[in-house]
Protein chains: 2
Amino acid sequence: MPSYTLYYFNGRGRAEILRMIFNVAGAQFTDKRFEFNEWDKIRNDMPSSSVPVLEIDGKDKMPETMAIARYLAREYGFHGKNNMDMFRVDYICDCLYEIMHDYMRYFHEKSGRFRSGSSDKSDMAGEMQRSFMETCRRVLPFLEKTLEMRNGGSQFFMGDQMMVCDMMLYCFLENPMMENQTMFNSYPKLMALWKRVAGHPKVSGYLKKRSNTNW
Amino acid sequence: MPSYTLYYFNGRGRAEILRMIFNVAGAQFTDKRFEFNEWDKIRNDMPSSSVPVLEIDGKDKMPETMAIARYLAREYGFHGKNNMDMFRVDYICDCLYEIMHDYMRYFHEKSGRFRSGSSDKSDMAGEMQRSFMETCRRVLPFLEKTLEMRNGGSQFFMGDQMMVCDMMLYCFLENPMMENQTMFNSYPKLMALWKRVAGHPKVSGYLKKRSNTNW
């Protein structure tokens with residue numbers, strides 16, 4: 001069994017899905033967190049100067065949130081079992097990633113972190129928020145329908161087993177829902193799934209014990 | 001064998017990697033292209049109002065460029081053979097996707113297409129171009145090193161076999177290189193790989209016969 005170290009800021013952000021997969025699988029990993037003011041020291045040690053990064057056996061550092069998530073999902077049985085099912089899990093995940101990616105860009109822009117300062121960006125945060133909301137309006141109705149296609153949407157995206165796409169729904173909508181719950185009222189099946197994931201014994205156990213951060 | 005229809009604009013853009021995989025695999029598909037002025041009619045028929053979309057057997061329409069690319073790569077043997085190799089192929093692909101995604105956003109913003117018009121966006125294209133160039137500066141040195149790790153970078157990313165990540169390097173850098181070749185001069189191994197992919201018998205055959213569009 002390889003040893004895993006996960007590098008990310010001391011927040012949920014892009015890394016929470018990875019921590020959740022490890023925890024739901026009952027797998028060991030080192031959760032290496034750092035603060036924003038440490039980033040300048042750390043970034044040069046990270047491939048492609050970004051996080052999350054998964055380090056394997058203390059040597060190979062692998063970047064890219066979604067590539068890491070799919071690797072762990074395959075490793076622990078949270079991905080599709082055949083090519084078509086992997087495709088379905090994958091496009092649900094990628095749809096959710098569109099939302100998370102746009103949200104995180106808006107979230108960091110709003111805070112002024114990582115700003116290059118090359119021009120007047122006074123309206124950039126507003127622009128990014130509009131872009132994030134537009135992505136939600138485009139993607140969520142499709143996901144609501146996709147969920148409904150299996151057992152009327154009363155279980156998980158792929159049926160009776162919770163997969164990486166279900167965990168991703170929880171993690172990627174958590175911050176946006178804290179900011180504006182009403183945006184999601186038009187998607188009752190997705191909201192019920194969100195609660196179903198939170199109530200899953202393995203997930204609820206993790207949610208109780210996890211580090212409490214404000215993003 | 002399922003029948004495939006690929007929906008996208010009449011341009012290379014996000015769909016060219018999918019067309020290339022089909023062609024290199026020698027697989028049949030219907031290449032359904034439309035013009036920008038037809039988009040308003042078509043978008044409501046597309047899941048999540050976006051393209052590319054892959055339709056299977058005339059019924060299921062599947063969205064998300066990268067989920068489609070990985071499905072086809074697994075189907076035709078252009079993905080890793082075990083979980084760790086899939087992870088490597090995947091993070092290289094996702095790094096390249098970061099570049100392509102930022103480029104396409106800039107490309108469409110510059111043209112004024114798909115603009116919501118909600119605010120003054122006079123500097124948005126410039127901002128997006130800077131963001132795209134910053135992504136290149138962040139990601140490409142890592143990919144240059146990654147390539148070099150196998151056989152000194154003289155073959156393909158994963159060794160002697162061309163995989164989906166190599167084809168992606170070709171397709172995702174094609175438009176950016178047409179716009180500004182010098183940006184890529186600092187990455188000689190990647191540029192040599194770009195030419196190696198173009199010269200691969202299956203790829204060069206496709207490049208000769210493909211539809212000639214300006215993006």
Side-chain angles (χ1 to χ4, degrees), chain A residues 2 43 46-50 53-54 56 60-75 79-80 82-84 86-98 101 105 114 116 118-121 123-124 126-127 130-131 134-135 137-143 145-146 149, chain B residues 2 43 46-50 53-54 56 60-75 79-80 82-84 86-98 101 105 114 116 118-121 123-124 126-127 130-131 134-135 137-143 145-146 149:
Chain A
R43 66 184 302 159
M46 297 294 129
S48 75
S49 303
S50 71
V53 156
L54 184 67
I56 303 190
D60 284 343
K61 285 200 179 80
M62 327 288 244
E64 293 295 338
T65 314
M66 297 299 275
I68 300 171
R70 287 189 300 270
Y71 164 75
L72 296 177
R74 288 187 302 261
E75 200 69 8
H79 211 310
N82 57 49
N83 198 11
M84 186 55 71
M86 291 181 101
F87 188 11
R88 290 184 195 276
V89 170
D90 260 12
Y91 73 65
I92 296 166
C93 288
D94 283 4
C95 280
L96 289 165
Y97 181 76
E98 285 201 68
H101 185 63
R105 284 175 64 238
F114 314 127
S116 64
S118 59
S119 67
D120 174 20
K121 299 190 187 175
D123 194 39
M124 277 301 278
E127 198 51 57
R130 278 186 287 276
S131 173
E134 174 55 27
T135 302
R137 275 190 293 269
R138 194 168 55 67
V139 164
L140 290 175
F142 167 64
L143 291 181
K145 262 189 280 180
T146 301
M149 279 167 55
Chain B
R43 65 184 304 160
M46 298 294 129
S48 74
S49 303
S50 71
V53 157
L54 184 67
I56 303 190
D60 284 343
K61 285 201 178 78
M62 328 287 244
E64 293 295 338
T65 313
M66 298 300 275
I68 301 171
R70 287 189 301 270
Y71 164 76
L72 296 177
R74 288 188 302 261
E75 199 70 8
H79 211 311
N82 56 51
N83 198 11
M84 186 55 73
M86 291 181 101
F87 187 11
R88 290 184 195 277
V89 170
D90 260 11
Y91 73 63
I92 296 167
C93 288
D94 283 4
C95 280
L96 289 166
Y97 181 76
E98 285 201 68
H101 185 62
R105 284 175 64 240
F114 313 128
S116 64
S118 60
S119 68
D120 174 20
K121 299 190 185 173
D123 194 41
M124 278 300 279
E127 199 50 58
R130 278 186 287 277
S131 172
E134 174 55 28
T135 302
R137 275 190 294 270
R138 193 167 55 67
V139 164
L140 290 175
F142 167 65
L143 291 181
K145 261 189 281 180
T146 302
M149 278 168 56

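Each chain gets a letter, A, B and so on, in the order its sequence line appears, and its residues count up from 1. Side chains included, hydrogens not; waters and symmetry mates left out as well; all remaining heavy atoms used.
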Using a cut-off of under 4.5 Å for heavy-atom pairs, which of [options] has the most such pairs with chain A?
options: B:Met66, B:Lys145, B:Met84; value: B:Met84
options: B:Phe142, B:Tyr71, B:Tyr97; value: B:Tyr71
options: B:Cys95, B:Ser131, B:Pro141, B:Pro2; value: B:Cys95

Please report the interatomic distance CZ(B:Arg70) to CZ(A:Arg70), rounded to the nearest 0.5 Å. 3.5 Å
So CG of A:Asn83 and NE2 of B:His79: to nearest 0.5 Å the spacing works out to 9.5 Å
Compare every heavy atom of [Y] with every heavy atom of [X], then report the nearest pair and how far apart it is.
X: A:Ala67; Y: B:Asp94; result: N-OD2, 3.4 Å
X: B:Arg138; Y: A:Ser50; result: NH1-CB, 3.5 Å
X: B:Phe87; Y: A:Met62; result: CZ-CB, 3.4 Å

Contact leader toward chain B among A:His101, A:Arg88, A:Arg43, where contacts are heavy-atom pairs under 4.5 Å: A:Arg88
Which bit of A:Ile56 is near chain B, if near means a heavy-atom gap under 4.5 Å: side chain, backbone, both or neither? side chain
Can you say whether A:Pro47 sits under 4.5 Å from chain B via the side chain, the backbone, both, or neither, judging by heavy atoms? both
Which bit of B:Ile68 is near chain A, if near means a heavy-atom gap under 4.5 Å: side chain, backbone, both or neither?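 Looking at B:Ile68, backbone and side chain both touch chain A.
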Less than 4.5 Å to any heavy atom of chain A: does that hold for the side chain of B:Arg137, its backbone, both, or neither? neither
